[in-house]
Amino acid sequence: MGSPPDRDRAPLMFDVIIAGCGPTGAMLAAELRLHDVRVLVLEKETEPVSTARIVSLHIRSIELMAMRGLLERIREHGRQRPAGGFFAAIDKPAPKRLDTAHAFLLGIPQPVIVDLLEEHAIQLGAQVRRGCAVAGLEQDDEGVTVKLADGEQLRSRYLVGCDGGRSTVRKLLGVGFPGEPARTETLMGEMEVGVPQEELAAKVTDIRGTHQRFQLRPFGDGAYSVVVPAAEVTDAERPPTLEDFRQQLRTIAGTDFGVHSPRRLSRFGDATRLAERYRVGRVLLAGDAAHIHPPTGGQGLNLGVQDAFNLGWKLAAHIRGWAPETLLDTYHTERHPVAQDVLDNTRAQMELHSTEPGPQALRGLLTELMDFDEVNRYLIEKITAIGIRYDFGEGPDLLGRRLPDIDVRHGRLYDLLHRGRGLLLDRTQRLTTGGWSDRVDYLADPTAALDVPCLLLRPDGHVAWIGDDQQDLDDHLSRWFGTPAN
């Protein structure tokens, strides 16, 4: 990764190149475009990949979509159900009065959410080029030269690898990816079945009493979603066959349910790894390029989208020239521990899926403990990411947490955050954003549903300051939004 001579460098064409147009890459592109950053997204696949996976938008991700005005568009394509039953598939309802205005889960096919987010980014002005695979990179003090597989060279001020668990960008950087390789694999598919619904439902209920990694339920349009443990760990790049499903169904259930007419077939493993660093100079990692883990609890896509929200405004701030010196480094310090926690809770959940007597006994004990509201609440806040608190120093418990979509004057809070700017919510009506008004909006609202006088929100919705003193506010505006414009 040396620095090429000036005469050999391509001219700076973009502010940011993003490798990978999955949910994380598309969301990051949109966040950057809110701040007029020149963005190019490179996707190695020529066509959107069609997979069998139904992904779940959890509460925090649903909140983020509402913050950018995307929720209603996405909700039209998803299937909404009450929050609950996330942790190790232990069937417990969500506790009452969760700290959110969006206490539900939204199931949506992964190709659909990817298409919606890509469309959103393009509407905001991002460029997307398909059939373009990153093959090399070189960075210097001014930017990054990206080499494509066909020999073309592109140049940008920053590069972000959102190119999945086998990330080429991460490998080119030489960033360590410690963790555990896959020990098990799971088959997932959509297909039709050849037995009556009543017979199928009774059999599935009986099997799921001991096999938590088994699932067979209606998917829509006559198809069923089938999830079953694979016979062995193999190359995840090789799609399974219908016969693979039949054999494993017979092994687990004693019958293959007459499955036929497959529509989509895929597999996934339980490898668990976390990148040692999220940033090396002008190159950063996000989403599965930075962390991989089993899908239990449905946290993967959500973790990546939330990476994008954390990184987008910070990277834009550096490009626009107003970022405090250390702002971009907070991307790693805030998001790396969150990913570590997700990896750990998925490890725990996978143990609870085991059919061995010890894990089954522990699962039974935890099932009892989750009848206590505090335990159930703690686990659902962990899985849905609404319990995250970044370390912003000493202060009230709300400091560092995201602010829910509260009632404010003339509407809802999240409707004021569509532009991706900071927000000063002033119940005293005495403060001002001053020279930061080009980056931070202002709302004077003595009726806002808060028990603090004033607070400052970052563009990702986390509370950066609480108080009522102008000088103290100015200090924190400088901390997060740089020097004032005047």
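Model, not experiment: these values are computed from the prediction.
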Rounding to 0.5 Å, atoms OG1 (T186) and NE2 (H353) come to a distance of 9.0 Å

**Request:** Return yes if a side-chain donor-acceptor contact under 3.5 Å exists between T145 and R155, otherwise no.
**Result:** yes

Lys/Arg N to Asp/Glu carboxylate O, K147 vs E152, below 4.0 Å: no

Around atom CZ of R389, are there more than 12 heavy atoms from other residues, nucleotides or ligands closer than 6.0 Å? yes

Please determine if R282 forms a cation-pi arrangement with Y158, meaning its NZ or CZ atom is less than 6.0 Å from the six-membered ring centre and no more than 45° off the ring axis. yes

Would you call R412 and D415 a salt bridge, taking side-chain N to carboxylate O under 4.0 Å as the test? no

| said: In the structure I gave you, are the side-chain heavy atoms of Q139 and V283 within less than 4.5 Å of one another anywhere? | reply: yes

Practice problem: Compare all side-chain heavy atoms of V41 with those of R129 and state whether any distance is below 4.5 angstrom. | Solution: no

Exceeds 12 heavy-atom contacts within 6.0 angstrom, atom NZ of K44: no

- prompt: For the residue pair H332 and Y278, does the interplanar ring angle fall in the parallel (under 30°), tilted (30 to 60°) or perpendicular (over 60°) class?
  reply: perpendicular

Q: Look at R183 together with E351 and state whether they make a salt bridge at an N to O cut-off of under 4.0 Å.
A: yes

Distance-only, no hydrogens or angles: does the N302 side chain make a donor-acceptor pair with backbone N or O of H58 under 3.5 Å?
-> yes

Side-chain heavy-atom pair V463, R402 within 4.5 angstrom cut-off: no

- Ion pair D460/K314, N-O distance below 4.0 Å: no

Checklist entry - Does R170 make a cation-pi contact with F177, if we ask for NZ or CZ under 6.0 Å from the ring centre and within 45° of the axis? => result yes

**Study point:** Donor on one side chain, acceptor on other, N345 and Q299, under 3.5 Å
**Key:** yes

So, R401 and E381, do they make that salt bridge, N to O below 4.0 Å? no

Other residues, nucleotides, ligands: >12 heavy atoms within 6.0 Å of D91 CG: no

Open item on the list: Within the structure provided, determine whether R335 and L311 are in side-chain contact (heavy-atom separation under 4.5 Å).
Closed with: no

- Any side-chain heavy atom of D244 sitting closer than 4.5 Å to one from T241? yes

Does the ring center of W480 lie less than 6.0 Å from the ring center of F392? yes

message: Does this structure show an ion pair linking D270 with R213, if we count only N-O contacts that are shorter than 4.0 Å?
response: no

- Task: Taking the side chain as every heavy atom from C-beta outward, state whether L265 and L187 have any atom pair closer than 4.5 Å.
- Result: no

**Message:** With a 6.0 Å cut-off (strictly less than), is the heavy-atom count around CZ of R73, excluding the residue itself, greater than 12?
**Reply:** yes

